Enquirer: 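Have a look at the structure that comes next, please.
One-based numbering along the sequence shown. None of the values given here were measured: they were computed from a predicted structure.
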Amino acid sequence: VPYVSVGEHMIETLAPEIAKAYIQSRVDSVATVLRDLTEDPLEDVEALTQQLTLIAPVARCDYEKTAPLLMSLFDTAAQHYQTALQSNMANDIELQEGRLTWLVHLIHATLCGRISISHLEEWDSIDA
């Protein structure tokens, strides 16, 4: 990230932890929204766009750690979604759809975040 001095701020250590915490909190928020019938943050497009724009460069700071996390969470949610569909469990279907929605938004933001920062050739293979 061009505007952060890596050595002084421990960004390489902290960025993946911040990204992981944010990503996990968004995936976990789906159950809370469904259980408590609270406002769904996915419905506030302006706030969602702002959050995704801000998390993208953080997530790409140590992309080698963030990308596998996103892939793992997506694969797990997709498998659970398939199981829920086969079992015709409406609550589980809705839960997994919400999780997959967040993950698609997060993956998209992370992939698009490469435009605003320099990238490495190895990131191209991760993006693929």
Enquirer: What distance do Q79 atom CD and Q96 atom CD have between them, rounded to the nearest 0.5 Å?
Expert: 10.5 Å
Enquirer: Ignoring hydrogens, what is the shortest heavy-atom contact between L100 and A77? Give both atom names and the distance.
Expert: CD2-CB, 3.7 Å
Enquirer: Look up atom CG in D62 and atom OG1 in T13, then write down how far apart they are to the nearest 0.5 Å.
Expert: 8.5 Å
Enquirer: Testing the basics here: between D92 and A84, what is the closest heavy-atom pair and its distance to 0.1 Å?
Expert: CB-CB, 3.7 Å
Enquirer: Who are the side chain to side chain contact (heavy atoms under 4.5 Å, CB included) partners of D44, not counting sequence neighbours?
Expert: E46, A47
Enquirer: Distance check, rounded to the nearest 0.5 Å: E94 atom CD versus Y81 atom OH?
Expert: 11.0 Å
Enquirer: What's the shortest heavy-atom distance between A109 and A56, and which atoms?
Expert: O-CB, 3.3 Å
Enquirer: Enter the distance from T83:OG1 to Q86:CD here, rounded to the nearest 0.5 Å.
Expert: 6.0 Å
Enquirer: For the residue pair T101 and H105, establish whether any side-chain heavy-atom pair is separated by less than 4.5 Å.
Expert: yes
Enquirer: Which of these passes side-chain contact (heavy atoms from CB on, under 4.5 Å) with L73: R99, R26, Q24?
Expert: Q24
Enquirer: Check for me, please, whether L95 and M89 land in the same ILVMFWY cluster - side-chain distances under 4.5 Å, paths through other members count.
Expert: no
Enquirer: Looking only at non-hydrogen atoms, find the nearest pair between A59 and T66 and report the distance.
Expert: O-OG1, 2.8 Å
Enquirer: Less than 4.5 Å apart, side chain to side chain, heavy atoms only: is that true for L70 and I23?
Expert: yes
Enquirer: Starting from V33, can I reach I93 by hopping between I/L/V/M/F/W/Y residues whose side chains sit under 4.5 Å apart?
Expert: no
Enquirer: Would you give the length of the straight line joining atom CZ of F74 to atom CG of L106, rounded to the nearest 0.5 angstrom?
Expert: 11.5 Å
Enquirer: Tell me whether S72 contacts the main-chain N or O of P68 through its side chain, where contact means a donor paired with an acceptor under 3.5 Å.
Expert: no
Enquirer: Any chance you could measure R60, atom CZ, to I55, atom CD1, to the nearest 0.5 Å?
Expert: 13.0 Å
